[in-house]
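This one's a predicted model, so the numbers in the text were calculated from it and none came from an experiment. In what follows, chains are A, B, ... by sequence order, proteins preceding strands, each numbered from 1.
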Amino acid sequence: MRYSLLAGGKRVRPILCIASCELVGGDESLAMPIACAIEMIHTASLIHDDFPCMDNDDLRRGKPTNHKVFGESTAVLAGDALLSLAFEYIACKANNVSPDRLVRVFAELSSAIGSKGLVAGQLVDIESEGKVVSLKELEFIHVHKTAKLLEACVVCGVIIGGGNDNNNEKVRIYARFIGLLFQVVDDILDVTKSSMELGKTAGKDLVSNKATYPKVMGIDEAKNFAYHLMNQALQQLACFDTAKAAPLYHLAYYIANRQN
Amino acid sequence: MVFSTVLTSVPNLYLTRKPKNIHIQIRCLSSPSVSISSQSNLTQFDLKAYWATLYAEITQKLEEAIPVKYPDQIYEAMRYSVLAKGAKRAPPVMCVAAYEIFGDNRLAAFPTACALEMVHAASLIHDDLPCMDDALERRGQPSNHKVFGDDMAILAGDALFPLGFHHIVMHTPPELVPESRLLRVIAEIARTVGSSGMAAGQFLDLKGGNTVDFIQEKKYGAMGECSAVCGGLLAGAKDDEIERLRRYGRAVGVLYEVVNDVLLSKSTEKEGTEGQEKKGKGYVRLYGIEKSMEIMEELRSKAKNELDGFEKYGDCVAPLYSFIDYAINRGFNVSDLSQ
C-alpha cells in the first residue's frame with residue numbers, strides 16, 4: 001500500500017479538493033482527510049489498472065508497478081485495502097466536518113469510482129482496444145475514467161467548505177473540462193515524450209492500439225482541443241472571488257501545459 | 001456423535017451443496033448458565049421461515065440495486081455474483097437480526113444489509129481470481145472470472161465495494177438512522193474489508209504459515225462480526241452491546257467454518273484417498289478431528305454466552321441463538337430458500 005501511495009505522484013486530486021474547499025471559504029484542515037482519502041482511492045485504481053490483464057504496465061510514477069514488485073495477489077489486496085482505508089479514513093478522521101456533509105461526500109465519491117464512474121471508463125477503454133472508436137466513445141472513456149473522480153474532488157471540497165448547490169455545479173463543470181483536458185494532454189504527451197521524461201511507459205498507446213485523441217483528431221487538432229477545454233474550464237471560475245479561485249486557475253494552466 | 005452420507009462441497013464460508021442428512025450432535029444444547037426462556041426460544045424459533053422471508057426481500061432489493069445499463073458487461077458481472085442462486089445471504093440476515101434486537105423498523109437495516117452482501121460478493125470475486133485462490137466454482141456456479149474474464153472480475157469487485165457504500169448513504173432513511181450512526185457503519189464495513197480485516201486474512205492465507213486461528217478470524221469471523229455490529233449500530237445499541245455483538249458475530253463466523261472443516265473431513269474419510277485434496281486446510285488438518293470438535297463446542301458456548309447478556313430483550317434475540325444451532329446442525333439447506 002505504502003509503495004504505491006508514497007511513490008510520488010503529483011497529488012493533483014487532493015490539491016483540487018483542498019483548493020475547492022478554500023474557494024468557498026473553507027479551511028484546508030477541514031478538507032485534508034478527504035483529500036488524503038481521494039489520493040488513496042486514486043492510487044488503488046492505478047494499482048489495479050496496471051495489472052497484466054488490464055493495461056499491463058510495468059512502470060508507474062517512475063517506478064516498477066506494484067504487481068511487478070509484490071506479485072499480483074498482493075497487488076489486488078493492496079488496491080482493495082487502499083480503497084477501504086479511504087472510506088474508513090473519511091469516516092473516522094474528518095472530525096470537524098458535520099456528519100450530514102460527510103454522508104454527501106460518501107455519496108459523491110462512491111458514485112465517481114464505481115460502475116457509473118471509474119470502472120465504467122476502464123471497462124469501455126479495455127473493450128475499445130483494437131477497434132475504431134468514435135469521438136463520443138472516447139469522451140465517454142475519459143469522462144468516466146478521469147473526469148468523474150476529478151469532479152468528485154472539487155464537489156467534495158465545496159461540500160466540506162460549506163458551498164451551495166450553485167457553487168457545486170460550477171466547479172463540477174470546471175472539473176469535467178479539466179478531466180478531459182488531463183486526458184487529451186496525456187495522449188499528446190504519450191506520442192511526443194520518452195518514458196524517462198514521462199515517468200511511465202511511453203508510446204504504449206500506439207503499441208496497444210488504444211484509442212486516443214491524437215489518433216482520432218490528429219495531433220494539431222488535439223492541441224487546439226486542449227486549449228479550448230482549458231478556456232471552458234476557466235470560464236466556470238468567473239463568478240468566484242479571484243484570489244480564492246487563483247489555485248484553480250493555475251491548476252488548469254498547469255494541466256494544459258505540463259510536460260509529464 | 002452421529003453422522004451419515006457424503007458431503008461433497010468445497011469448503012467456503014458457508015455450505016454450498018445440499019448436506020444430505022449430515023448431522024452432528026454436540027453433547028448438550030444447554031449449559032447451566034442458560035435460562036429456561038432462552039432455551040425454549042431455541043426450540044421454538046422457526047429459523048427457516050425467518051431466513052426465507054428475509055432472503056426473498058433482500059434478493060429483490062439487490063436485484064433493483066444493480067440494474068443493467070451501459071456498459072452492460074460490468075452490470076452482468078456484478079449481478080452474476082451478487083444474485084447467484086447459491087448465495088445464502090448470511091451477512092444481510094445476520095445484520096437484520098441483530099438490528100431487530102434493538103430496533104423496530106427493518107427498513108433502517110435493509111440498505112446496509114444489501115451493502116454487506118455486495119461487499120461480501122466483491123471480496124469473494126477477488127478471492128477466487130487465478131492469482132489468489134484460483135477457484136473454479138463459487139456458490140454452485142463457475143467463478144466470476146471464469147465466465148467474464150480476469151479483467152472484468154477485478155472491475156466487478158472494484159465496482160461492488162463503492163456501490164455498497166453508495167447504497168447505504170442513498171437509501172437509509174435519515175429519519176430512522178442519524179448520519180452520525182451511518183458514518184460508524186461505513187467505518188465498520190471499511191475496516192472489516194481492509195488491511196486489518198479480511199484483506200489481512202486473505203494475504204496470510206495465501207502466503208501460508210501456521211496462524212490458522214488468526215486467518216480464520218480475519219477471513220471468516222470478520223464478516224459475521226461486521227454484520228452483527230452493523231445491525232446494532234443502525235439501531236443505536238450502546239457501546240457495550242455493540243462489543244457483545246462483535247464477539248458473538250466473530251464466534252459464529254468462525255464456528256461456521258470449523259463445522260464446514262469437520263463435515264468435509266468426515267466426508268473425505270468416506271471417500272478415501274480421492275478426497276484428500278479437498279480436505280480442509282484449517283482446523284482439522286492442524287488439530288485433528290477431536291480437538292476441532294472441542295473448538296466447535298468452545299465457540300458455540302462463547303457465542304451463546306454473549307447472547308445471554310441480551311436477556312432483557314427476550315424473544316428478539318431468538319434468531320441469533322438459532323444461528324448458532326444452525327451452524328452446527330444445518331437443519332435445512334439455505335439454497336432451497338431461493339426457490
Side-chain angles (χ1 to χ4, degrees), chain A residues 1 37 41 44-45 48-49 51-56 67 71-94 97-124 126-127 140 144, chain B residues 66 69-71 73-75 78 119 122-123 126-127 129-133 145 149-170 172 174 178-200 202-203 206-207:
Chain A
M1 292 162 76
I41 289 169
S45 73
H48 283 186
D49 275 4
F51 280 156
C53 65
M54 311 272 265
D55 291 348
N56 194 21
H67 63 274
E72 282 180 51
S73 58
T74 302
V76 169
L77 292 171
D80 290 352
L82 273 169
L83 182 58
S84 43
L85 179 61
F87 281 87
E88 185 190 343
Y89 201 76
I90 295 172
C92 297
K93 296 288 184 190
V97 183
S98 66
D100 65 282
R101 286 186 189 172
L102 284 181
V103 164
R104 289 169 63 198
V105 162
F106 279 123
E108 192 63 40
L109 269 177
S110 55
S111 177
I113 63 178
S115 56
K116 289 189 195 147
L118 245 170
V119 167
Q122 178 68 345
L123 167 59
V124 177
I126 291 171
E127 296 290 306
F140 181 95
H144 289 78
Chain B
I66 317 177
K69 293 186 283 225
Y70 179 79
Q73 308 96 304
I74 192 64
Y75 294 100
M78 291 159 75
V119 161
S123 66
H126 281 187
D127 278 2
L129 287 169
C131 63
M132 309 276 268
D133 291 345
H145 65 273
D150 292 5
D151 50 357
M152 200 64 58
I154 292 175
L155 290 175
D158 287 353
L160 278 167
F161 281 121
L163 181 62
F165 294 121
H166 193 254
H167 196 73
I168 292 173
V169 298
M170 297 302 282
T172 305
E179 280 97 348
S180 52
R181 276 194 228 150
L182 271 191
L183 293 181
R184 290 183 70 185
V185 167
I186 289 171
E188 182 67 31
I189 296 174
R191 213 176 354 250
T192 297
V193 168
S195 56
S196 58
M198 280 156 60
Q202 176 66 347
F203 176 79
L206 289 168
K207 296 304 161 192

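- For V103(A), the parts sitting under 4.5 Å from any heavy atom of chain B are the backbone and the side chain alike.
- Of the atoms belonging to F161(B), it is side-chain heavy atoms, and not backbone ones, that fall under 4.5 Å from chain A.
- Paired with P99(A) under the rule side-chain contact (heavy atoms from CB on, under 4.5 Å), one option of E179(B), R184(B), R181(B) passes, and it is E179(B).
- The structure places CD of E72(A) at 8.0 Å from CG of D150(B), a figure rounded to the nearest 0.5 Å.
- Between the side chain of Y70(B) and the backbone N or O of A120(A) there is no donor-acceptor pair closer than 3.5 Å.
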Residue pair C131(B), V76(A): steps toward the side-chain contact (heavy atoms from CB on, under 4.5 Å) verdict: CA-CA 9 Å; C131(B) 63; V76(A) 169; 4.0 Å; yes
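- Side-chain contact between I154(B) and C53(A): present, with at least one pair of heavy atoms (C-beta onward) separated by less than 4.5 Å.
- Here OG of S115(A) is found 10.5 Å from CG of L155(B). Values are rounded to the nearest 0.5 Å.
- Considering only heavy atoms from C-beta on, D80(A) comes within 4.5 Å of H126(B) through its side chain.
- By number of non-hydrogen pairs under 4.5 angstrom with chain B, the leading residue of M54(A), R104(A), H144(A), E88(A) is E88(A).
- Rounding to the nearest 0.5 Å gives a distance of 10.0 Å between CG of D55(A) and CG of D151(B).
- At a 4.5 Å heavy-atom cutoff, the contact between F51(A) and chain B is made by side-chain atoms alone.
- Heavy atoms closer than 4.5 Å to chain B are found nowhere in E108(A), neither backbone nor side chain.
- For the pair K116(A)/K69(B), a side-chain contact is recorded, criterion being any heavy-atom separation below 4.5 Å from C-beta on.
- Only the side chain of I126(A) comes within contact range of chain B, judged by heavy atoms closer than 4.5 Å.
- For an aromatic pair to be called close, the ring centres must be under 6.0 Å apart, and F165(B) with F106(A) fails this.
- You'll find the side chain of S110(A) stays beyond 4.5 Å of the side chain of M170(B), heavy atoms only.
- Residues satisfying the ring-ring contact (aromatic ring centres under 6.0 Å, His included) test with Y89(A), not counting sequence neighbours, are none.
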